Amino acid sequence: MTDNSYIDNALSKIGNFTIQLWEKDKDSVDWYPIATGVLCSDDINHYIVTCAHTFAVEDGTDKIQGIVMNNSFTPLNEERLLAPDTTAHGKCDIAILRLSSETIKYIEDLGFEFLEKRYLGINLSVQHDSILHVCGYPANKTRGPIYGKDGKKLQIETISDLNHERRLFPFVFSSKLVYLALPYIDDANQYERHYLEKATHLLMSFHYKKISKQNGSRITLPKPYGMSGSGLWAITTDGNYYLIGIMIEYDLKESYMLATRIDYMTELIRYVFNSALPQSNIVPTKWYIDNTLPNKL
């Protein structure tokens, strides 16, 4: 198997764990994309993990959030654990939805899968030269005909140069899904500048305009609005893939993307839902208890 095949094979699997999240007004028949979610399991419970800033409904609002498939909106009335984007929560900005058996079956019937706990990158080391990948749904690519109205699950298309050889800065893009490779930022000063802890966050460079391809041509990627909640993935040379973070922020002017480490999410799940997930040595339980537990709705 070539290096390209390793990445393409991993990508085809990662897409199955990636779902688009939508919102509508209570009395409206129209819905709009708001975020991306990652489907995962700890062998007992099943979850959708996304970002809190787009998937937290404020008191007094008539917003309903859910999944759109087959030209139909299905609400997600699930138990939610919210760690909002505040200083008290270290700007971790994570939302965890523990799913009911009915919702699990519905999602699986649509053709999606739940990531097994062995692919959660708990305690995974990220080096300064690591190239990471993000998979999600840019909102401006899904505002047209309702996604999935033909009843078929979207397939991810691989696009590189004409010879299908470019892997220096790999990405996959289709009209509904975008997949990128991002250089990891290891500079401690950059984290301090943004009031972040390296124990809980991962910074990546992201230049969405004028990406150079190996054949010399250049391409502009879609703006990543709607990709909050996307999974940040590491793909190893043997073709294994690991979820290592959840995307929570991007800044096009300063050319970066920001993710919360998956360890923060798994420690919350371990503590709040009494899960048997492996303990993180990167984000100790004491860290978020000292910063007060998130809201459980």
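Owing to the predicted nature of the structure, the values given are computational and were not obtained by experimental measurement. Numbers here simply count residues along the sequence, with the first being 1.
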Undergrad: If the test is side chain to side chain contact (heavy atoms under 4.5 Å, CB included), which one of L243, L277, N123 qualifies with T266?
TA: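 For T266, the side chain to side chain contact (heavy atoms under 4.5 Å, CB included) test succeeds with only one of L243, L277, N123, which is L277.
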
Undergrad: Considering only heavy atoms from C-beta outward, does the side chain of L232 approach that of H133 to under 4.5 Å?
TA: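 No, their side chains stay 4.5 Å or more apart.
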
Undergrad: Taking the side chain as every heavy atom from C-beta outward, state whether Y242 and L120 have any atom pair closer than 4.5 Å.
TA: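 Of all side-chain heavy-atom pairs linking L120 with Y242, none is under 4.5 Å.
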
Undergrad: For a 4.5 angstrom cut-off between non-hydrogen side-chain atoms, does K117 reach S41?
TA: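 Result no, sub-4.5 Å side-chain heavy-atom pair not found.
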
Undergrad: Would a 4.5 Å heavy-atom cut-off, applied to side chains only, mark I48 and L39 as touching?
TA: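 Side-chain contact under 4.5 Å: yes.
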
Undergrad: Mark yes or no: K13 above the aromatic ring of Y241, with NZ or CZ under 6.0 Å from the six-membered ring centre and no more than 45 degrees from the axis.
TA: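 Output no; distance or angle outside limits.
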
Undergrad: Once ring-ring contact (aromatic ring centres under 6.0 Å, His included) is applied, do any residues pair with F114, and if so which ones, sequence neighbours excluded?
TA: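 For F114, the residues satisfying ring-ring contact (aromatic ring centres under 6.0 Å, His included) (neighbours in sequence not counted) are H46.
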
Undergrad: Would a 4.5 Å heavy-atom cut-off, applied to side chains only, mark L202 and R261 as touching?
TA: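 Yes. Closest side-chain heavy atoms under 4.5 Å.
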
Undergrad: For the backbone of S280 and the side chain of E267, can you confirm whether one donor and one acceptor N or O come within less than 3.5 Å of each other?
TA: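 Yes, the answer is positive, given that a donor and an acceptor are paired below the 3.5 Å cut-off.
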
Undergrad: Quick check: closest heavy atoms across T50 and S228, and the distance to 0.1 Å?
TA: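 Heavy-atom minimum between the residues: OG1-O, 4.0 Å.
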
Undergrad: Quick one, L132 and M204 - any side-chain contact, counting heavy atoms below 4.5 Å?
TA: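 Yes - at least one pair of side-chain heavy atoms lies under 4.5 Å apart.
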
Undergrad: The criterion is side-chain contact (heavy atoms from CB on, under 4.5 Å); which residues satisfy it with T36, sequence neighbours excluded?
TA: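 Once residues adjacent in sequence are excluded, the partners of T36 under the side-chain contact (heavy atoms from CB on, under 4.5 Å) criterion are T18, Y137, S230.
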
Undergrad: Is there side-chain contact between I244 and V126, with at least one heavy-atom pair below 4.5 Å?
TA: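 The answer is yes, as the side chains (C-beta and beyond) meet within the 4.5 Å cut-off.
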
Undergrad: Do L268 and I44 belong to the same hydrophobic cluster, where Ile, Leu, Val, Met, Phe, Trp and Tyr are linked whenever their side-chain heavy atoms lie under 4.5 Å apart, directly or via other members?
TA: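 No, L268 does not connect to I44 through the hydrophobic network.
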
Undergrad: For N274, does the CG atom have more than 12 heavy-atom neighbours from other residues, nucleotides or ligands under 6.0 Å away?
TA: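 No, CG of N274 has 12 or fewer neighbouring heavy atoms, counting only those of other groups under 6.0 Å.
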
Undergrad: With a 4.0 Å cut-off on N to O distance, would you call D25 and K63 a salt bridge?
TA: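 A salt bridge is present here (some side-chain N lies under 4.0 Å from a carboxylate O).
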
Undergrad: Starting at CZ of R98, measure out to CD of E78 and round the result to the nearest 0.5 Å.
TA: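 CD of E78 is found 10.5 Å from CZ of R98.
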
Undergrad: Do D42 and Y47 pair up side chain to side chain, a donor and an acceptor below 3.5 Å, judged on atom types alone?
TA: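 The criterion, which ignores hydrogens and geometry beyond distance, is satisfied for Y47 and D42.
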
Undergrad: Would you indicate whether the side-chain heavy atoms of Y264 and I246 approach each other to under 4.5 Å?
TA: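 No, their side chains stay 4.5 Å or more apart.
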
Undergrad: Determine whether the side chains of Y32 and E23 contain a donor N or O and an acceptor N or O closer than 3.5 Å.
TA: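 On atom types as modelled, these side chains qualify, holding a pair under 3.5 Å.
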
Undergrad: So, F206 versus Y250, ring centres under 6.0 angstrom or not?
TA: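 So the answer is no for these two rings.
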
Undergrad: Quick one: CG on L97 to CG on N77, what's the gap to the nearest 0.5 Å?
TA: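 It is 10.0 Å, given to the nearest 0.5 Å.
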
Undergrad: If we check side chain to side chain contact (heavy atoms under 4.5 Å, CB included) with T260, which of these qualifies: V283, V49, I248?
TA: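 Answer to the side chain to side chain contact (heavy atoms under 4.5 Å, CB included) test with T260 among V283, V49, I248: I248.
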
Undergrad: Would you please say whether a donor-acceptor pair under 3.5 Å links the side chains of Y256 and Q190?
TA: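 The answer is no; no qualifying pair exists.
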
